[in-house]
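Since the structure comes first, as structure tokens, the remarks are kept for the end.
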2 protein chains.
Amino acid sequence: MCLISQYNQIANTLKERIKNGDYVAGQHLPSQKELADEFHTSRVTIQKALDELSNANLILRRQGSGTTVAPNSRSTLDILSSQYEGTTKLFEGRGKVTTKVLKFEIRLPSVHEQKRLSISDSTPVYDILRLRNIDNEPYELDHSIMPLSVIQNLTEKIASGSIYTFIESTLGLKIGSSIRKITADVPRKNDQDYLKCTHNEPILQVSQTVHLSDGRPFEYSQTRHRYDKGGVIVVNNTLSSNGLQI
Amino acid sequence: MCLISQYNQIANTLKERIKNGDYVAGQHLPSQKELADEFHTSRVTIQKALDELSNANLILRRQGSGTTVAPNSRSTLDILSSQYEGTTKLFEGRGKVTTKVLKFEIRLPSVHEQKRLSISDSTPVYDILRLRNIDNEPYELDHSIMPLSVIQNLTEKIASGSIYTFIESTLGLKIGSSIRKITADVPRKNDQDYLKCTHNEPILQVSQTVHLSDGRPFEYSQTRHRYDKGGVIVVNNTLSSNGLQI
DNA sequence: GAGTGGTCTAGACCACGCG
DNA sequence: GCGTGGTCTAGACCACTCG
């Protein structure tokens, strides 16, 4: 969240106004011309700011009739504020999150992992299996593969906290896009052992590849959730495309 | 997909070039100045075109060093081409899609439905239950609620085909954003009956509210998939946020 | 220092919705 | 017809990367 650019600051100001109820759902925003005057800037800059709100589904812009606040703007803001930053941060405040590291190894990657992470067969990877608990109740089983060519100096101690915080704060890397596949599955032995689920309690699996902002893939992971303690919320607009596939 | 604007056309041309391999993964694109010269336009217009490709995770732009084709651009293009357009269109080519309408009613909405669809208790809704098959194998069970105040003249015959095509082509409405929650669940009686799954075969459920481009919600639906025949792929960039929640 | 992308301006014309 | 948002221009300055 850089606050450097003018349009970014304006966008944040406008988001604040929606959050505070200065602009309520259905209400017309001031016209682009009026906003340009208010912020002492040009219309193009206002438009870039409105692009941000529009991409977040916070406003509706209609040629001829103007810009209004989206009907579901408040709930969208709630979802926005819980933006994905790794599991640890996400669940702060919902209970005490603890992580048990079940495996922490360095090895060479399989062919499948090489493909997913765009690495050669001689690039070692971390192989980390972790169990996350909320208030001492098992919640998800996470299996992550990360190449040492991108992520370095990872330790078991760090893995027992937030790897994402380590990557962003300590390594100073920026996290970019991800591709996820979400499926349901029958529980395996590991699930039954660690997530304490019975043989007919389903698992929600999220399999993902995550990239840095420079495009390098840095994590390929499979996270398995208890069906009664997990769900994924997806906001879809004309920019991001989500496909159902067999 | 309007092709009216110049930057849109340029974006499509550039996408074609990536698709055709004229620009390959990792390769530098011509600079913004060069592209502006080639397309006889200004740099700002090129930038708007690049915004589109950037949002789709097809390119990486770095200040100082230039714009390159994303490493996974080809697979991203595959996902893009299967952009969500309702189930019927999505599965064309993967087998013969047939739809059996199990229920087609008009009734008043429940309190929960009123909230989800932003309608009053006196606005009637369609209540439609459908079973989709691919090559005569049951695939998903779809329960849709749509307000008559938005969608009109829907018939059982239309419901046995593609409701989305009807909305866009016949009614001339434009589909906008959606919010989905994806969970795993144990099979209920309906699932066992229609999807032919046993009592310990999990269900993947997608619960969603879909809006028109003017912001009006027009569909609240719950779709239940056989776990071995369904999955949701989500592309996530800095614009769209997806949160995991209990 | 040269070249790249990021931001910003002031002004123009167009497409659309509404009274 | 008027006001709205959408597109586009020509040019400017800045921030960044790299040789």
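A note on names: the letters A, B, ... follow the listed sequences, proteins ahead of strands, and every chain is numbered from 1.
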- Separation of A/D214 atom CG from D/dC18 atom P, in whole Å? 11 Å
- Task: Just jot down the side-chain contact (heavy atoms from CB on, under 4.5 Å) partners of A/H112, sequence neighbours excluded, or say none.
- Result: A/S110, A/R116, A/Y220
- Any donor-acceptor N/O pair, B/S169 side chain to B/T165 backbone, under 3.5 Å: yes
- Item | Pair listing, side chain to side chain donor-acceptor pair (under 3.5 Å) test, anchored in residues 117-128 of chain A, at least two apart | A/K103-A/D127, A/R107-A/D127, A/S120-A/S122, A/S120-A/T123, A/D127-A/H143
- Message: Run the side-chain contact (heavy atoms from CB on, under 4.5 Å) test against A/R216 and tell me which residues pass, sequence neighbours left out.
- Response: A/V150, A/L173, A/L212, A/D214
- Query: Can you name the closest pair of heavy atoms from A/A159 and A/I128 and give their distance?
  - Reply: CB-CG2, 4.3 Å
- Just grab all the salt bridge (charged side-chain N to carboxylate O under 4.0 Å, His left out) pairs involving residues 54-76 of chain A, residues at least two apart or on different chains. A/D51-A/R61
- Task: Rounded to the nearest angstrom, tell me the gap between atom CG in A/L53 and atom P in D/dG5.
- Result: 14 Å
- Task: Report the distance from atom NZ of A/K174 to atom P of D/dC16, rounded to the nearest whole Å.
- Result: 12 Å
- Item | Nearest heavy-atom neighbours spanning A/V206 and A/I182 | CG2-CG1, 4.3 Å
- Which two nucleotides bound the region of DNA chain C that has atoms under 4.0 Å from heavy atoms of chain B, read 5' to 3'? C/dG3 to C/dC8
Check nucleotides 1-4 of chain D against the protein and report each pair of N or O atoms closer than 3.5 Å, with its distance, or say if there are none.
residue	atom	partner	partner atom	Å
D/dG3	N2	A/G64	O	2.9
D/dT4	O2	A/G64	N	3.0

- Given side chains that start at C-beta, do those of A/T68 and A/L29 come closer than 4.5 Å, heavy atoms only? no
